[in-house]
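Every chain is numbered from 1 and lettered A, B, ... according to where its sequence line falls, protein lines coming before strand lines. The shown structure was predicted, so the numbers you read here are calculated from the model rather than taken from an experiment. Side-chain atoms are counted along with the backbone in the values below, which use heavy atoms only and exclude waters and symmetry mates.
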Number of protein chains: 2
Amino acid sequence: MSERTDQIVAEARALIEEGGPEALTMRALAARLDIRAPSLYKHFPDKLAVEAQVIAIAFGELAAELEKTGSLSELAAAYRAYALAHPHLYRLMNSGPLPRHLLPAGVEDRAAMPLVRAVGGDEHLARAIWAFAHGMVILELDRRFPDGADLDRAWRTGLAVFREPVQH
Amino acid sequence: MSERTDQIVAEARALIEEGGPEALTMRALAARLDIRAPSLYKHFPDKLAVEAQVIAIAFGELAAELEKTGSLSELAAAYRAYALAHPHLYRLMNSGPLPRHLLPAGVEDRAAMPLVRAVGGDEHLARAIWAFAHGMVILELDRRFPDGADLDRAWRTGLAVFREPVQH
DNA sequence: CGATATGGCTAACAACGTTAGCCGTCAAGC
DNA sequence: GCTTGACGGCTAACGTTGTTAGCCATATCG
């Protein structure tokens, strides 16, 4: 990972955070670095590789935030907070197929660990809560809930329910 | 809605179901109808309008499936079944911002009604369950769960938990 | 001193959505 | 019956996208 490479990824991230994933264009990215688009291919094989680096960084950041938390509700709050603070980044890393072959190994697992720990190792429960959290976040980002819906309340409802021990 | 218009939408849908949303191309769509791409603009103002028609149809179909169910677990099963039967269609209608201004009024509400009824009108609980279901489906379609994860079990876990009455 | 890697560049291609403008067919109105 | 206009095709073209080919300057190293 050279110096220049890091610069490129940083600018790519900025483009995405400012204008969404579709604002990341090889030409726009090059313009930010005062070079022409084809020169980017001296550093990355293609656009997907650039995106993958941005995704890898985002996963690391998210994992770091989640690791700070103690309880399940703190974890959920941190998850939602990251998504709302970086909506375009969240969408990039969490929708569509992941380019796993371009990502450092373990980034996904690290981000998942705090939740698995919070539910005491029950993988099925962890997956259900993950689905709930991702669903809440992505539906909010995509404006699928009615305007003015009380989403705090919906989060509390879901989390309260998941805290109740039931056999499954 | 003319005859030709319906044909176009049908072919657009077929393209999406076969190759995903990015396979819907004005040129590919035209080719299916043995015409050239610009001729499509005699029937639709732009590509988004075509997509919106496909989405509207998909919402109607999904709503019809959901309305057949009685219990919450049947509802969940029907929801998942539709998504797995039409993965590309599901992704098209349920990710990214909805072109609501191009959709007939009430299509979203109709698809949401069965769930609201199944939970006895509790809107917060309905939103939490919707998030859970959408999260489970989209994470499955996007292959975000580990290979071989027992998703039936995760669904059952989530649904069991949501059936328990708790105050929120 | 020369070879090689590094990192720029221009020109270009194919595919995309979309627009402009032309033309044939056919039904309705005078 | 002739004309007029809507309807629905067409070709040519434009601008934007990712990407490739190939050229060239600099700088480092044997």
### Query
How many Å lie between CD on A:Glu22 and P on D:dG18, as a whole number?
11 Å

### Query
Do the charged groups of B:Glu108 and B:Arg100 touch, with an N to O distance under 4.0 Å?
yes

### Task
Would you indicate what B:Leu24 reaches in the nucleic acid, counting non-hydrogen atoms under 4.0 angstrom: base, sugar-phosphate, or nothing?
sugar-phosphate

### Task
Show your working on salt bridge (charged side-chain N to carboxylate O under 4.0 Å, His left out) between A:Glu123 and B:Arg153 and close with a plain yes or no.
CA-CA 10 Å; A:Glu123 54 175 345; B:Arg153 186 87 185 275; over 6 Å; no

### Task
Provide, to the nearest angstrom, the distance between the CZ atom belonging to A:Phe44 and the C1' atom belonging to D:dT20.
19 Å

### Task
In whole angstrom, give the distance that lies between atom CD of B:Glu51 and atom C1' of C:dC16.
13 Å

### Query
Would you say A:Arg4 has more than 12 foreign heavy atoms packed within less than 6.0 Å of its CZ?
yes

### Query
To the nearest 0.5 Å, what is the distance between CZ (B:Arg127) and CG (A:Asp150)?
8.0 Å

Identify each atom pair where a protein N or O and an N or O of nucleotides 7-13 of chain D are less than 3.5 Å apart, giving names and distance.
from, atom 1, to, atom 2, distance (Å)
D:dG8, N7, B:Lys42, NZ, 3.4
D:dG9, OP1, B:Arg4, NE, 2.8
D:dG9, OP2, B:His43, NE2, 3.1
D:dG9, O6, B:Lys42, NZ, 2.8
D:dC10, OP2, B:Arg36, N, 2.5
D:dC10, OP2, B:Ser39, OG, 3.0

For residues 132-142 of chain A, please give each side-chain donor-acceptor pair under 3.5 Å, one per line with the distance, not counting sequence neighbours.
from, atom 1, to, atom 2, distance (Å)
A:His134, ND1, A:Tyr90, OH, 2.7
A:Glu140, OE1, A:Arg80, NE, 3.3
A:Glu140, OE1, A:Arg80, NH2, 3.4
A:Glu140, OE2, A:Arg80, NH2, 3.3
A:Asp142, OD1, A:Arg91, NH1, 2.1
A:Asp142, OD2, B:Gly96, N, 3.0

### Query
Could you give the distance from NE2 (B:His101) to CG (B:Leu48), rounded to the nearest 0.5 Å?
6.0 Å

### Task
Grab the OH-C1' distance between A:Tyr41 and C:dA11 for me, whole Å please.
15 Å

### Query
Ion pair present between B:Lys68 and B:Glu74, side-chain N to carboxylate O less than 4.0 angstrom?
no

### Under-4.0 Å salt bridge between B:Glu18 and B:Arg32
yes

### Message
From NZ of B:Lys47 over to P of C:dG17, roughly how many Å is that when rounded to an integer?
### Response
4 Å

Check nucleotides 26-29 of chain D for protein N or O atoms closer than 3.5 Å to its own N or O atoms and list the pairs.
none

### Query
Roughly, in whole Å, what's the span from CG in A:Leu33 to C1' in C:dG7?
13 Å

